[in-house]
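This one's a predicted model, so the numbers in the text were calculated from it and none came from an experiment. Excluded from the calculations below are hydrogen atoms, water molecules and symmetry mates; all remaining heavy atoms, backbone and side chain alike, are included. Each ligand, and each atom within it, is numbered from 1 in the order the structure gives.
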Amino acid sequence: MEQTLLIIKPDATARRLTGEILCRIERSGFVVKQLRLMRLTSEMARKFYAVHEGKPFLDALCAFMASGPIVPMVLEKENAITDLRALIGATDPAEAACGTLRYEIGENVQRNSVHASDSAESAASEIPFFFEQE
Ligand code: IDP
Ligand code: MG
């Protein structure tokens with residue numbers, strides 16, 4: 001069994017899509033192992049997105065991530081990391097495949113509704129950012 005981190009971003013909590021996203025995730029075979037509702041400061045967002053230091057979109061991304069409630073969660077499933085990336089779709093909702101979460105509910109390349117770890121290394125550092133070891 002593999003674990004990965006999903007975050008429901010502020011654009012989705014603001015539109016009250018948390019339940020719909022959770023429903024899609026559970027129907028796709030993921031087990032919710034840990035979950036919380038919280039707010040980030042932009043400083044915390046900057047630490048979380050340290051890999052993007054120097055990118056032109058980073059300041060706006062951190063302000064957006066601090067603009068409202070987020071729902072980070074640990075999900076478990078076989079091949080959880082790859083399968084969750086497939087379920088959420090491409091970063092830009094305009095380029096995301098039909099049927100993916102970002103295609104269906106993402107607003108634009110920044111306000112794309114969800115974050116998911118992109119590798120085993122990312123999951124291993126992103127899960128402890130939000131959750132104690134179970
Ligand atoms: P990912 O979330 O699909 O892994 P990354 O390239 O890791 O995409 O970017 C992290 C987040 O930064 C994206 O989910 C999105 O919110 C934001 N972002 C990425 N590229 C752009 C851009 O070109 N303009 C504005 N925001 C962006
Ligand atoms: Mg990424």
Derivation and outcome, side chain to side chain contact (heavy atoms under 4.5 Å, CB included), residues Thr18 and Glu20 = CA-CA 6 Å; Thr18 302; Glu20 185 169 326; over 6 Å; no

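- Of all protein heavy atoms, the one closest to atom 23 (O) of ligand 1 is Phe57 CD2, 4.0 Å.
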Worked check of salt bridge (charged side-chain N to carboxylate O under 4.0 Å, His left out) between Lys77 and Asp83 = CA-CA 9 Å; Lys77 182 184 177 297; Asp83 288 359; 2.4 Å; yes

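- Taking 4.5 Å as the limit, some side-chain heavy atom of His115 sits within range of a side-chain heavy atom of Tyr49.
- Taking CG from Leu75 and NZ from Lys33, the interatomic distance works out to 11.0 Å, rounded to the nearest 0.5 Å.
- Contact of the Lys9 side chain with the Asn112 side chain is registered, since non-hydrogen atoms from C-beta on lie closer than 4.5 Å.
- Closest heavy-atom approach to atom 12 (O) of ligand 1 among the candidates Asp92, Ile7, Thr91, Leu61: Leu61.
- The heavy atom nearest to atom 14 (O) of ligand 1, out of those in Arg111, His115, Lys9, His52, is found in Lys9.
- The protein non-hydrogen atom at the shortest distance from atom 24 (N) of ligand 1 is Val109 CG1, 3.5 Å.
- Of all protein heavy atoms, the one closest to atom 4 (O) of ligand 1 is Arg85 NH1, 2.9 Å.
- Residue Asn112 has at least one heavy-atom neighbour below 4.0 Å for each of these atoms of ligand 1: 13 (C), 14 (O), 15 (C), 16 (O).
- Residues Ile7 and Ile25 do not share a hydrophobic cluster, clusters being chains of Ile/Leu/Val/Met/Phe/Trp/Tyr side chains in contact below 4.5 Å.
- Here the protein heavy atom with the shortest distance to atom 2 (O) of ligand 1 is Arg102 NH2, 3.0 Å.
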